[in-house]
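If you read the sequence from its start, that first residue is 1, and numbering goes on from there. Basis for what follows: all heavy atoms, side chains included, without hydrogens, waters or symmetry-related copies.
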Amino acid sequence: MSAWLACATSYSVSDYPMVPFYIFYSMFGFQRIHDLAWAAGDSQARGFLIGATAGRTTLNGEGLQHQDGHSHLMATTIPNCVSYDPTYSFELATIIRAGMSRMFENGENVFYYITTMNENYVHPDMPEGVEEGIVKGLYPLKTSSGAGKHRVQLMSAGTIMREVEAAAVILERDYGVAADIWSMTSVNELAREGSKIVRHNMMNPAEEPQIPYVTQCLAATEGPIIAATDYMRAHTNQLREFMPRAFTVLGTDGFGRSDTRAQLREFFEVDRRYVVLAAMTALADEGAIKRGEVAKVMVDLGIDPTKPDPTTV
């Protein structure tokens, strides 16, 4: 990290045709050297920190010291650290291109923290016209064509996105619930933009109030909103005040000592079954379905109601 900081702070586009990239296990970044990351912000560094194998369920078997469920929260403490949690390669490429432009073309004194995963999965083509949304932090990844009686909005990022995509299939196939999927590439950027707008509206009472981007995106949609990530719920809960409707957050609070990714995601209650359960519970809470239907969902999915709270074991 100190080498990256030295490189980043002395960087000159005209003198050195290179951009600093520092790649590390995400848990060994902000967890271990947060003071140096703060110093990078203080010295107006530019460059990219890549937190590899990010999230609390990706490095199963290597112990709790490798499970990162909070680095994005820690990144929020540095005002000029711009952080993202992409799922797909086109998101990563778009973010890096935007970062290069912002830092080395526009000359902004910011640096980027981008988390990446170590799982093998198919990366789809980029949907048309989503570049701006990727950079802002949210865009519609998949819009359901189903004509179900009920509808929900599913939000995710990083490694749990694929669990959410699988949950959408279950909801539509087995329960007739149409599920739209939103890629939440940066909770932190959405929260910062929302906070800035709240302040702007407070300081300019005579003007027409502005509306945060995340609110604009979801206001025109239907159904409760469910978000699931590989990070503590406090991370995504930053967005709660900007949500136009009921908002349920799933996350990885607790330690987690399971031996496989699947077991960890079941332990933390962020796998596809719990996303389905959260969606059906939210529908029941607003009176769209009967609570008895939720109990049946738990039986269908094999969810044990006596399972210990993951924050307690």
Could you see if [X] belongs to whatever hydrophobic cluster contains [Y]? Use Ile, Leu, Val, Met, Phe, Trp, Tyr and a side-chain cutoff under 4.5 Å.
X: Val135; Y: Leu138; value: no
X: Val164; Y: Val270; value: yes
X: Val198; Y: Val187; value: yes
X: Ile160; Y: Tyr121; value: yes
X: Ile170; Y: Val294; value: yes

Criterion salt bridge (Lys or Arg N to Asp or Glu O under 4.0 Å) on Arg245 and Glu222, from CA distance to verdict: CA-CA 9 Å; Arg245 296 185 304 282; Glu222 299 176 13; over 6 Å; no
Does any part of the side chain of [Y], heavy atoms only, come nearer than 4.5 Å to the side chain of [X], both counted from C-beta?
X: Pro305; Y: Met298; answer: yes
X: Val110; Y: Gln44; answer: no
X: Met232; Y: His70; answer: yes
X: Met243; Y: Val214; answer: yes
X: Pro224; Y: Glu286; answer: yes
X: Ser83; Y: Ile114; answer: no
X: Tyr231; Y: Leu73; answer: no
X: Phe255; Y: Pro310; answer: no

Would you please indicate if the ring centroids of [X] and [Y] are separated by under 6.0 Å?
X: Tyr25; Y: His66; answer: yes
X: Phe111; Y: Tyr113; answer: no
X: Phe30; Y: His72; answer: no

Would the number of heavy atoms belonging to other residues, nucleotides or ligands and lying under 6.0 Å from [atom1] of [X] be above 12?
X: Glu132; atom1: CD; result: no
X: Arg173; atom1: CZ; result: yes
X: Met203; atom1: CE; result: no
X: Asp125; atom1: CG; result: no

Do you know the tightest heavy-atom contact between [X] and [Y]?
X: Phe267; Y: Gly256; value: CE2-CA, 3.5 Å
X: Tyr88; Y: His123; value: CA-ND1, 3.5 Å
X: Met184; Y: Leu239; value: SD-CD1, 4.0 Å
X: Ile181; Y: Ala168; value: CD1-CB, 3.7 Å
X: Gln153; Y: Trp182; value: OE1-NE1, 2.8 Å
X: Thr77; Y: Met74; value: OG1-O, 2.6 Å

What's the separation between atom [atom1] in [X] and atom [atom2] in [Y], rounded to the nearest 0.5 Å?
X: Cys217; Y: Ile211; atom1: SG; atom2: CD1; answer: 11.5 Å
X: Ile23; Y: Thr116; atom1: CD1; atom2: OG1; answer: 7.5 Å
X: Met155; Y: Thr248; atom1: CE; atom2: OG1; answer: 12.0 Å

State, without any angle test, whether [X] and [Y] hold a side-chain donor-acceptor pair at a distance under 3.5 Å.
X: Ser183; Y: Glu91; value: yes
X: Thr57; Y: Arg265; value: yes
X: Thr58; Y: Glu119; value: no
X: Asp309; Y: Thr312; value: no
X: Asp230; Y: Thr252; value: no
X: Asn201; Y: Gln210; value: no

Passing option when Phe48 is tested against Phe24, Tyr22, Phe21 for ring-ring contact (aromatic ring centres under 6.0 Å, His included): Phe21
Flag, side chain of Gln263 to backbone of Thr260, donor-acceptor distance under 3.5 Å: no
Met100/Ile96 under side chain to side chain contact (heavy atoms under 4.5 Å, CB included): CA gap, chis, key distance, verdict: CA-CA 6 Å; Met100 293 282 285; Ile96 290 177; 4.2 Å; yes
Worked check of side chain to side chain contact (heavy atoms under 4.5 Å, CB included) between Leu250 and Phe268: CA-CA 9 Å; Leu250 304 182; Phe268 284 122; over 6 Å; no
Salt bridge (Lys or Arg N to Asp or Glu O under 4.0 Å) assessment of Arg291 paired with Asp285: CA-CA 8 Å; Arg291 298 199 68 81; Asp285 288 344; 2.8 Å; yes
Steps toward salt bridge (Lys or Arg N to Asp or Glu O under 4.0 Å) verdict (Glu269, Lys307): CA-CA 10 Å; Glu269 301 170 2; Lys307 175 183 176 295; 2.7 Å; yes
Residue pairs, two or more places apart or on separate chains, that pass salt bridge (Lys or Arg N to Asp or Glu O under 4.0 Å) and touch residues 180-197: Arg151-Asp180, Glu189-Arg192
Over-ring placement of Lys149 relative to Tyr175, 6.0 Å and 45° cut-offs: no
Pair Glu266 + Arg273, salt bridge at N-O below 4.0 Å: yes
